[in-house]
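Down below is the structure, laid out as structure tokens.
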2 protein chains.
Amino acid sequence: MPVPDPLPSLPPTKQGTCPVRDVLDRLGDKWSTLLLVTLSHGAQRFNALTRSVPDISRRMLAETLRQLERDGLIWREVAPSTPPAVSYGLTPLGLSLMPVLATLIHWADRHQPAIAEARVRFDAGARKP
Amino acid sequence: MPVPDPLPSLPPTKQGTCPVRDVLDRLGDKWSTLLLVTLSHGAQRFNALTRSVPDISRRMLAETLRQLERDGLIWREVAPSTPPAVSYGLTPLGLSLMPVLATLIHWADRHQPAIAEARVRFDAGARKP
DNA sequence: CAGAATCCCCCAAGATACTG
DNA sequence: CAGTATCTTGGGGGATTCTG
């Protein structure tokens, strides 16, 4: 039974990189989504982010922030004080992504029990005795 | 300027695994999303999928399908014929994910030009001469 | 305080080959 | 046809150290 087509056919699975894949890859990396969500609660400074996301290393924090800034999803502001104070926050573009992300997170949260149950069933039935 | 909070605060960033992270990880892996989208156009058999997604190896196809099946997002049906014919398709759970995915893909597609432009600007301004 | 630079390890995933 | 099995490699990402 063919399903009513809810999706635009993907931009031809070109040899190169698909723009959609491009975005999904970023959301799929270990920290981007978490940082975006964190920043959606308000702009924060570097070390504050270290505290908000305890498991992240400074290395990955800096790198991920840079990627997000490069993509125009967050802004970066350096206050010319000593010691320097650098803040990060969502741009309008980044902000426009949040509802989409919220939908996704909501789906995940809502169906997490079903997924957990499916896993249990699968793991129970898959072994050969 | 704090942003109106569009997101449920994440389930405590527990030491263990966050259910949301769990789902995002799967969507972020290299093939899951592509396979889900492909299957949303209708159930397909194993070799048909290798043709629909030319770049995937049989190894990764089998493995990804198994993960998706384990999570209850797709079903797997073995027709007892020789040679065996195995079909895959979306479950209701998988189906319920598609609109969410479609929204995400739509966002990516819609804002891809803005992202590309942001990257160009960033790359132009970041170097130290 | 906010990073950049290095080193290093581990495993996701490609290539290849074999099987019920 | 629909997969497993084995081998191998690239690079994601942690720990640590250095700087303006």
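Note that the coordinates shown come from a computational prediction; the quantities given were computed from them, not determined experimentally. Chain naming here is simple, since letters A, B, ... match the order of the sequence lines and numbering starts at 1 in each.
- Looking at Q44(A) and T38(A), their side chains never bring a donor and an acceptor atom within 3.5 Å of each other.
- Using a 4.5 Å heavy-atom threshold, the side chains of F122(A) and R66(B) count as touching.
- Nearest heavy-atom pair, I74(B) versus L65(B), reported as atom, atom and distance to 0.1 Å: CD1-O, 3.5 Å.
- Of the residues in residues 74-84 of chain A, those lying under 4.0 Å from DNA chain C by heavy-atom distance are R76(A), P83(A), P84(A).
- Under a 3.5 Å cut-off, the side chain of S57(B) and the backbone N or O of M60(B) do form a donor-acceptor pair.
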- Apply side chain to side chain contact (heavy atoms under 4.5 Å, CB included) to the pair Q112(A) and D22(B), showing each step before the final yes or no. CA-CA 9 Å; Q112(A) 183 260 337; D22(B) 221 39; over 6 Å; no
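- Partners of E117(A) under the side chain to side chain donor-acceptor pair (under 3.5 Å) rule, at least two apart in sequence or in another chain, are R121(A).
- For the pair T103(A) (side chain) and V100(B) (backbone), a donor-acceptor distance under 3.5 Å is absent.
- For the pair W31(A) and Y88(B), nearest-nucleotide mapping onto DNA chain D gives the more 5' position to Y88(B).
- Distance CZ (R26(B)) to P (dA12(C)): 11 Å, rounded to an integer number of Å.
- In this structure, the side chain to side chain contact (heavy atoms under 4.5 Å, CB included) partners of A62(B), at least two apart in sequence or on a different chain, are F46(B).
- There is no path of hydrophobic side-chain contacts, each under 4.5 Å, that joins L49(B) to W75(B).
- Between the CG atom of D25(A) and the C1' atom of dA12(C) there is a distance of 13 Å, rounded to whole Å.
- Taking atom CG on L61(A) and atom C1' on dA2(C), their separation rounds to 10 Å, with Å as the unit.
- Without hydrogens or angle criteria, S32(A) side chain to L27(A) main chain gives no donor-acceptor distance under 3.5 Å.
- For residues 26-52 of chain A, every residue pair satisfying the salt bridge (charged side-chain N to carboxylate O under 4.0 Å, His left out) rule, not counting sequence neighbours, is listed here: R26(A)-D71(A).
- When DNA chain D is scanned 5' to 3' for any atom under 4.0 Å from a heavy atom of chain B, the first and last hits are dC1(D) to dT6(D).
- As rounded to whole Å, 12 Å separates atom P of dA13(C) from atom CG of L35(B).
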Below 3.5 Å is the cut-off: list the nitrogen or oxygen pairs between protein and nucleotides 4-7 of chain C, distance only.
unit_1: dA4(C); atom_1: OP1; unit_2: R66(A); atom_2: NH2; d: 2.9
unit_1: dT6(C); atom_1: O4; unit_2: R59(A); atom_2: NE; d: 3.3

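- The interatomic distance linking F46(B) (CZ) with dG20(C) (P) rounds to 17 Å, in whole Å.
- What separates CG of L49(A) from P of dC1(C) is a distance of 14 Å, to the nearest Å.
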